[in-house]
Every structure is written in structure tokens, then in C-alpha cells.
Peer 1: 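Quick one: structure below, then a few questions.
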There are 2 protein chains.
Amino acid sequence: MELSDYVGAPVKAFGAMMSAAKESAHGKRDTGTLGKLMVLLDLVSHADGPMRFTDILAVADQPRGTVHRQLSHLVEEGLLEIDEDGRYLPGLRLLDFASRSWGRNEFRLVAEPHLKALQDLTGETVHLGVLRGTSIIYLDKFEGQQPVRMYSQIGNASPVYCTGVGKAALSVLPRERVEALVAEIAFHRFTANTHTAESLLAEIEEIRKQGHAFDREEHEVGICCIAAPIWSENLSLVGGVSITGPAYRLGMENLSEWAAPIRETSGRIMEAMRIGLGPRR
Amino acid sequence: MELSDYVGAPVKAFGAMMSAAKESAHGKRDTGTLGKLMVLLDLVSHADGPMRFTDILAVADQPRGTVHRQLSHLVEEGLLEIDEDGRYLPGLRLLDFASRSWGRNEFRLVAEPHLKALQDLTGETVHLGVLRGTSIIYLDKFEGQQPVRMYSQIGNASPVYCTGVGKAALSVLPRERVEALVAEIAFHRFTANTHTAESLLAEIEEIRKQGHAFDREEHEVGICCIAAPIWSENLSLVGGVSITGPAYRLGMENLSEWAAPIRETSGRIMEAMRIGLGPRR
DNA sequence: AATTGAGTTCCAAATAATAGAACAGTTGCA
DNA sequence: TGCAACTGTTCTATTATTTGGAACTCAATT
């Protein structure tokens, strides 16, 4: 299990995250000092506000002096920052790293025109996401109206089990790999419709047959989506594209109408990948 | 000197960066193991393409075994990724960290409506940037046309000496602090108009009197801008807002017309900060 | 078959991180 | 005011990780 698998889990679930990480059957990550620092960076950047030293210390499960030095190093490198009240925040240097990661991501570049086309066709919000560990990371987003907020969502990591893209992505993986991933997940009930391990595995089977997945307000109340998977031949890249919208307008019936277009889009993106990325260079 | 000061320097200048870091009169950063790992992360994410192990090894100035383990750790944590050809790329986990850093940045949130208003008024592209070390990190961007590319630019770190926002920001710092910063910069000649240490210091004096700064194609040929500084009382936050455009349309004469509006905007943002961020909470 | 190049693994020695306590500065409260 | 609790910082012997260098594997070339 990798730490990144936790990315996007709600702050509330920290205890569970931490203990699960320790008890993981896959054994502890062996990233030495870096791993310990990343736990702190994760903690602070996923909190929903600035954290005081004591708050961090309380969940860090390490001696005071140690936590203090670790935080100092992170701050000195610009990965964290301290506000006027001495509280810790994610640092802006992270933005620079990320903009470069995003700017030259080939998958995103290849998919871009097809996402735009799908947005034009449907008028609804279109997302592109990729599977990383047990999370979906959103790589791009095209909205109908004026740019309500650029950046919003993009980069966010969401749990695989309660997003359309996530479930679509799982559906193209071999069954044993899905089961291995599901075993790593700490399920958290976001809404009344959020999956459990069992119901998720059952739905994956359905999606395998259908070729597309739905999100029936499983992550956020009032938000639905339909998604289709995207995968490379050797499964080194697994992700998906989705059409998202408010439940009052995009109910299941309406969403189903987009099944054909969204699957065409995912097909075109996969075709473009085979050309663009090539089998070998 | 902090490593983040180098963010945004061109890849070509690596040798200079590395040696300058070592020889820095301010002494070495003391971030232990983390610092060494960040050098590699910086290296890979600022390269203009995927890097092979050997390429990294060549510039890393460390033994093979060491570099190999360091890269492995970074990959295992998701900060770097390896493509099918075994080359190293910035990892997508960085996106998640960044989106959270960006999403709750107070400065950006406070400035947003005023940037939008300036964009509406001028029809030109508006940027918001903040000073970090000897770089300007762009926090937000509003474009005239349809969202040509969201995310683009946002997060990018550019050298302080060849951007309008950078020079505007420097102009509000006390003279000795400017000189200290300038002493740390490894100047790189991007265009024929790019500043040297001397010409930069001279222009800062001008900007101090004027209250606004220009970029006369100093970073990129064909791109000009006018910028006004934004600063908090205790200078814990120093940045600026700019109007950017192509030189053929936005020459110096045309840019000068925006001097009043852009200074009004920066003024309004500073006012909003005093209310929003408050003197104390 | 021999050579070069790229990447990986190993282990004693060097170095950095750790744990724990002591210290200092603030705040709250009687 | 004085005392206690809280918050953050600093110090040092001990411990664990990182380091550096070499040896090793695997492919591609000659």
C-alpha cells in the first residue's frame, strides 16, 4: 500500500488512515525519512484549515522534538508555510511542481480535444481522471458556462469507490487486481448511496458488462455522473472520462442518453493514445 | 538561500544553479535528507522532458547507489513517476497537494473579484502573483477570451527580475532587502531586454517613484505587461497584479493607459486584505 | 565472444534522525 | 499577583538511515 492511496480521504478519517497504513498486510512502505515527512505533508495539506503544532503533534504519533524538526525542514523547503499565528499551511512551492506535472502530462494533452468536443456536444461538465493507487486524480475539466473557477477540482484526488470515473477504471482491471485494491480501501460513507466493499465489487461486474458506470449521488448528495473507462493495452494507464451534473437535471434517465457519446469519446481518446503514445518509440 | 529561489530558472542554467547553491554566502540550507531529495525533484520537474537515470546521475553530483535509492523513494511516494521507457517524470500526486494549497489560499480568494473586475474593464489578461524567495509564483489568471487553457501559467514560478509583478513586488521592499535578494539571483538572459543586477536595481528605484512597473519583453519576446505591487503592512505578503498582452497590441503607450486602473485594483485588494485577513484575529 | 552502457544491489562507514528531557514564553485562572 | 497548564523551542547521547564505492545483472554493440 502506498501513502498516495489515501489522498483525498476525508480529514475525519485520519485515525483510520493512519492505523490502516501501519497494519497494512503489504507491510510498511520503505521510503525511509521521506515517508515520514510525507505523512506530515499529507496531514497538513488535507486538513480543512491551518493546523497548529500541537494539533499535528497529537496525530503524528512521534516525539515533540522530532515533529518540530520535520516541520521545520518542510517549511524551509517551501512545502509547508507558517501563517502569522504560527499555524501550518500547504506551501506555494507545491503549485510550481504541480503546474509542471500537469503541463506536460501526455494523457491529458492527448485527451483534451476530445473532452472539449464532448463538452460542446452535451453542454454538461466533462472530467478526465486517472487511477493512482485507490484514488482517482482529476486531470482536466471542461465546463459549460463561463469558467466558473479554473483549477477547481483539477488535481483533486477522490476515492475510487464513489466516483463514476473510479468505478469505470476498476471495471477494466483483472478481477484479482480489483480485489487487491478494494482490500486496501478504508471505505467512508459520504452519502446514503456510498458503496461498501461488497456492493462495489458487485457493481464492478455490472459495469464490466455495460461498458459504462454511474455515480448515483455516491460521493456528494445532488451530484450524478456517467463515466466510461480509458485504458492502455498493458494497463499501465487506467482512467476514464465522465459527464457530471446536478441530480435534479441529470437523473439516471437523462444520464443514460449520454452513454453512447461518452463511450465514443473514450474510444477516440484510446485511439489517439495508441497513435500519440505509440506502442514503442 | 532557499532552494525555492531557483524555481523557474531555465533548465539550461542547471550548472550555475547547483554551484551557486553550494557556494552561497548564506551557507547551505539545513534540511538534511529532505533537501537532497528536493534537489532531485526540482531537477526532474523542471526538465523539459522525461529524464533517464543516467541523465539525472550526471548532474546530481552523487554516487550511483545514492541517486538510485533517492529516486526510488520519490517514486514510491508518488512525487515522481517512471514511464514505460524507465524515464523519470513529475508525479501526479503533486497535483493533489497543489490543488489544496491553491484552493484555500487566502490572498487569492480575497483578490479574485478584483482581478475579475479588472479583466472586465480592460479586456486583457490579468495575473496575480506573489513573491517567494527570488521567484514570483502566479496564483491566478483571468483571460479575455474563452478559457483558452485553465491552469496554464497558474502555479508557475518565474524569476523576479524579468516579470512586471516581480519588479513591482521588489519596489515595496526596503532597499537592503532588495539588494540581498538580488545578490542571490543567478541572472539569465532570456531576451535582449532582460535585466542584469545593475539595471534591475536602477529600475527598482524608478518603480518606487512611479508606483507601477513594466515588463518590456524582458522574459519573452513579444510579451509586455504593466504591474502594480500589493503588500501587507508587515511585508509578510508581497506580490502584485499585472495586465499582460502581446507587444504588437499592448505597446508601452497603450500599457500606460492602464496605470490608473491597475493601481486602483491593487489598492482595492490591499484594502480587502486588511478587512479580510484583519490585523489580528 | 568481448565490450560497452544502463540500471540494480550490497554492505561497512559516515551521517542524520530520533527520543526524551529540559527550557522558555503565553495564556488562563484563582 | 502568583500559580498552573499549555504551547513551542532547543539540546544531546543513542539509534537508525543514508552514504559511497564496488560488484553485479542484463542488453545492446562490435
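Residue numbers begin at 1 in each chain, while the letters A, B, ... track the order of the sequences.
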Peer 1: What are the bounds, 5' to 3', of the part of DNA chain C that sits under 4.0 Å from heavy atoms of chain B?
Peer 2: C:dA6 to C:dA17
Peer 1: Figure out the CD1/C1' separation between A:I56 and D:dT7, and round it to whole Å.
Peer 2: 13 Å
Peer 1: Would you find more than 12 non-hydrogen atoms of other residues, nucleotides or ligands less than 6.0 Å from A:E220 atom CD?
Peer 2: no
Peer 1: Assign the ring pair B:Y161 / B:F187 to parallel, tilted or perpendicular, where the plane angle (0 to 90°) is split at 30° and 60°.
Peer 2: tilted
Peer 1: Looking only at side-chain atoms of B:Q62, point me to the closest of D:dT7, D:dT18, D:dG20.
Peer 2: D:dG20
Peer 1: Just by distance, no angles: are the side chains of A:T31 and B:E76 close enough, under 3.5 Å, to form a donor-acceptor pair?
Peer 2: no
Peer 1: Between B:G65 and A:G86, who's closer to the 5' end of DNA chain D by nearest nucleotide?
Peer 2: A:G86
Peer 1: So B:T66, base contact, sugar-phosphate only, or nothing? Heavy-atom distance under 4.0 Å.
Peer 2: base
Peer 1: Compare side-chain N and O positions of A:H68 against OP1 and OP2 of D:dG8 and report whether any pair is under 4.0 Å apart.
Peer 2: no
Peer 1: Looking at A:R64 and D:dG8, is any side-chain donor or acceptor paired with a base atom of the opposite kind under 3.5 Å?
Peer 2: yes
Peer 1: Any chance the rings of A:F53 and A:Y88 have centres within less than 6.0 Å?
Peer 2: no
Peer 1: When the distance from CG of B:D85 to C1' of D:dA28 is rounded to whole Å, what number comes out?
Peer 2: 15 Å
Peer 1: Just how far, in rounded Å, is C1' of D:dA16 from CZ of A:R69?
Peer 2: 12 Å
Peer 1: Between B:R132 and A:E81, is there a side-chain N and carboxylate O pair less than 4.0 Å apart?
Peer 2: yes
Peer 1: Rounded to the nearest Å, what distance is computed from the CG atom of residue A:L71 to the P atom of nucleotide D:dT7?
Peer 2: 15 Å
Peer 1: Nearest nucleotide by nearest heavy atom, which residue falls closer to the 5' end of DNA chain D, A:T54 or B:H73?
Peer 2: A:T54
Peer 1: Would you call A:R93-A:D96 a salt bridge at under 4.0 Å N-O?
Peer 2: no
Peer 1: With a 4.0 Å limit, can you tell me whether A:R52 has a side-chain N or O closer than that to the phosphate oxygens OP1/OP2 of D:dT7?
Peer 2: yes
Peer 1: I'd like to know if A:E112 and A:R108 make a salt bridge, using a cut-off of under 4.0 Å between side-chain N and carboxylate O.
Peer 2: yes
